[in-house]
4 protein chains.
Amino acid sequence: MPGVPDPNRRSDATRRAILTAAIDLLGEVGYPKLTIEGIARTAGVGKQTIYRWWASKGSLIFEAFLAFAGDGETAALPDTGDLAADLKLVLRATVDELDDPRYDKAMRAMHVEIVNDHLLAGEYVARLEKPMRELKKERLRAAQRVGQLAEDVELEVAIDMLFGPVLNRWLQRTGPLTHDYVDQVVDTALRGLKPRKP
Amino acid sequence: MPGVPDPNRRSDATRRAILTAAIDLLGEVGYPKLTIEGIARTAGVGKQTIYRWWASKGSLIFEAFLAFAGDGETAALPDTGDLAADLKLVLRATVDELDDPRYDKAMRAMHVEIVNDHLLAGEYVARLEKPMRELKKERLRAAQRVGQLAEDVELEVAIDMLFGPVLNRWLQRTGPLTHDYVDQVVDTALRGLKPRKP
Amino acid sequence: MPGVPDPNRRSDATRRAILTAAIDLLGEVGYPKLTIEGIARTAGVGKQTIYRWWASKGSLIFEAFLAFAGDGETAALPDTGDLAADLKLVLRATVDELDDPRYDKAMRAMHVEIVNDHLLAGEYVARLEKPMRELKKERLRAAQRVGQLAEDVELEVAIDMLFGPVLNRWLQRTGPLTHDYVDQVVDTALRGLKPRKP
Amino acid sequence: MPGVPDPNRRSDATRRAILTAAIDLLGEVGYPKLTIEGIARTAGVGKQTIYRWWASKGSLIFEAFLAFAGDGETAALPDTGDLAADLKLVLRATVDELDDPRYDKAMRAMHVEIVNDHLLAGEYVARLEKPMRELKKERLRAAQRVGQLAEDVELEVAIDMLFGPVLNRWLQRTGPLTHDYVDQVVDTALRGLKPRKP
DNA sequence: CTTTAACCGAGACGGTACGTCCGGTCTTATG
DNA sequence: CATAAGACCGGACGTACCGTCTCGGTTAAAG
């Protein structure tokens, strides 16, 4: 298969230096001023080495984000028996994470790339979003088994309603990302918007 | 006030030509290949004319999107007396709008700019997001008055839960944007995730 | 005529800065290490400005050489009445010129470009070689009129025999370029190789 | 002697493949686009193998030219007793040789390298130019012995006058390289430029 | 008949320069 | 007198080669 470099030959030290440099520069200069040339310079690497292994700036940023955020974060969601409490715990952790400027900038960069790149978006969903969603679904199914979640609720929709608002506020900056806010989201979602008959 | 051009001198024909050219080019070549030079060429305008009136590519795109999407879309949400039906109507319309490639691309471009530009994000919230949110709040308050929405529900949260999921799916491409999906969102949000006691 | 920049718009200060930088760099680093980027840097000029006005490194070097060597060196050859003395004078001057490292390097650079570029070679012949050759021919014709040069000698050949050897020695470094050498060339050429019958 | 490869170990097949590839590529793409990488690829050879045995592109081209032109072309010049005829024969052969595009390109490449590389020029003179010059000198001495060449003519100068013009025309493309031209050069050189007294 | 040192093909690597494109500023000639 | 046209400096793009390096796999002389 000509033109495809042999991954066995790949220098792992160089690969890590590039990913680290990408995250570092994102933190320093921000996404709009992030350049391949700058990453190569910071990593002490030839530009060609970057172009050899990554198809686009997007895929590099994506991989850098994965490496930074911890790729195989496949830890299951907590299950203390109290669904609301567990969801709040997870969402508060997400809020705290987004409070870290480095994490914030890296994730913003990745989202910018995703917005206009179908393929990358697919990869993002497959490698990050889908696995996380599965974990969430698992927790919700457990809640259904113990009668804390209605049997007939569509889990995909439930997840979107619980976890979507945080991401939205963060992306669109429509309001402050606080623990209080996520608590309200969880409570409101569980309870529903309709009045309860007394 | 030196350096601040006199808005009276501004040629409206030229301004509209530039905004139209921006939207057209977005549709043709996509956001990543959208350039000021290209816009100037397409609009039959000198580059300087663009730089004179807009501070950044972002603010140009923002204004172009406003012009394209209809700035003063201040029409109130429908109120047929049936909250669920009205919400579904509005959300289905949003989905349909996002189905138009030109609208899709323009809105994506604007979001990319917002993600990394605090000022622009502020402007977006102030000029688009906030007014729309007020209309939605108004509709929800009406629902509260007629007993279709719980009195103690935080409206901000309710709006995020109802309208956020669509935006999220669209931005992250986590799933297809269908009428069924928004119907489910509305129903689930109104009813809540918890089981109803019999 | 699209794509062809308007020469009227051309900045002459910039043009001269580029040509000067080219000659300077040739003197400093030599032809093999002469780069467009280096010239642009030295001249304080954007690369594009060079690419806008010159089709190749060769044509830039050619023009730089012309500017350096004095384009309109249209002064006639000396005519003191003594052909041999006049030729020696001119050839000695050529030798002295080639002794100047800057002139040497510039002319070598130009010759390297000519060797592999037909078009440039044509331009060189038309703008430098041919005019100089005409002046030489003029002097030789004068010599014919006063009986110092055989009537039936082919002037083109005579010029090649008189002026070629110096250029050859210089290009191929087959021997030292001295005043003695050019004197010998002139004397030998005039007299011929055959023995004189007594 | 560390660092100096053992010439005995050298694969002659590989060496020839490299030299052949160099000449072939010169013919195909021309000197300016001739690259070490291209030669290695064409020869089916690792780049390192080239760098191991040749110090520079110039020395590789030089050796390739030698191999192509026939290194030990130590055959003496013809001596039919008629100096003018013999010289014309040799010069016509040179002209014919330069008419072959492959020979032309190879020799141009070598000359380009020589122009800016003193060491290589020295090697060229020592290995090619000097031996050829000796053969020419030998022929001229023979002519002197039979009274076809003046006793007091400086042979170095005579050779430059006879053989230089052809090389010059070829290098500078100042005129067509024809048999007629070399005939004229020989006749004019032998006879001299001065008028003969009747 | 093994060892072992060098060569060899392949190609990744840190670099430099290429020639192009565009950003943002400044100049000019036209309408 | 504003404005289109576009030259200008700067800098990043993605590509091509440079010359060095490392990697397995021959190959051939030395043990």
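These figures come from a predicted structure and were not determined experimentally. In the text below, chain A, chain B and the rest are named by the order of the sequence lines, each starting its count at 1.
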Take the protein atom [atom1] of [X] and the nucleotide atom [atom2] of [N], then report the distance between them rounded to whole Å.
{"X": "Lys47(B)", "N": "dT27(E)", "atom1": "NZ", "atom2": "P", "result": "15 Å"}
{"X": "Tyr51(B)", "N": "dA5(F)", "atom1": "OH", "atom2": "P", "result": "16 Å"}
{"X": "Asp12(C)", "N": "dC8(F)", "atom1": "CG", "atom2": "P", "result": "11 Å"}
{"X": "Lys57(A)", "N": "dA12(F)", "atom1": "NZ", "atom2": "C1'", "result": "10 Å"}
{"X": "Ile50(D)", "N": "dC17(F)", "atom1": "CD1", "atom2": "P", "result": "13 Å"}
{"X": "Trp54(D)", "N": "dC18(F)", "atom1": "CH2", "atom2": "P", "result": "15 Å"}
{"X": "Asn8(A)", "N": "dT22(F)", "atom1": "CG", "atom2": "C1'", "result": "14 Å"}
{"X": "Ile36(C)", "N": "dT16(E)", "atom1": "CD1", "atom2": "P", "result": "18 Å"}

Under 4.0 Å: is that the gap between some side-chain N or O of [X] and OP1 or OP2 of [N]?
{"X": "Thr14(A)", "N": "dG14(E)", "result": "yes"}
{"X": "Thr35(A)", "N": "dG11(F)", "result": "no"}
{"X": "Arg9(C)", "N": "dT27(E)", "result": "no"}
{"X": "Ser11(A)", "N": "dA12(E)", "result": "no"}
{"X": "Trp53(B)", "N": "dA2(F)", "result": "no"}

Leu128(A) side chain near Phe65(A) side chain, heavy-atom distance below 4.5 Å: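 Yes, at least one pair of side-chain atoms sits under 4.5 Å.
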
Are the side chains of Leu120(A) and Glu123(A) in contact, using a 4.5 Å heavy-atom criterion? yes

Would you confirm whether Lys105(D), through its side chain, and Gly27(D), through its main-chain N or O, come within 3.5 Å as a donor-acceptor pair? yes

Quick check: does any side chain N or O of Arg173(B) sit under 3.5 Å from a backbone N or O of Val115(A), one acting as donor and the other as acceptor? yes

Does a donor on one side chain and an acceptor on the other come within less than 3.5 Å for Glu113(D) and Tyr31(D)?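 Yes, a side-chain donor-acceptor pair sits under 3.5 Å.
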
Heavy-atom nearest nucleotide on DNA chain F for Leu34(D) versus Ala40(C): which residue maps closer to 5'?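 With Leu34(D) and Ala40(C) compared, the 5'-side residue is Ala40(C).
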
Of the listed nucleotides (dG14(E), dT20(E), dC8(F)), which one gets closest to any side-chain atom of Gln48(C)?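 When the side chain of Gln48(C) is considered, dT20(E) is the closest of dG14(E), dT20(E), dC8(F).
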
Quick check: on DNA chain E, is the nucleotide nearest Gly44(D) upstream (toward 5') of the one nearest Arg52(A), or the reverse? Name the residue that is more 5'. Gly44(D)

Of Glu37(C) and Arg10(A), whose nearest nucleotide on DNA chain E comes first from the 5' end?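 Its nearest nucleotide lies further toward 5', so the answer is Arg10(A).
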
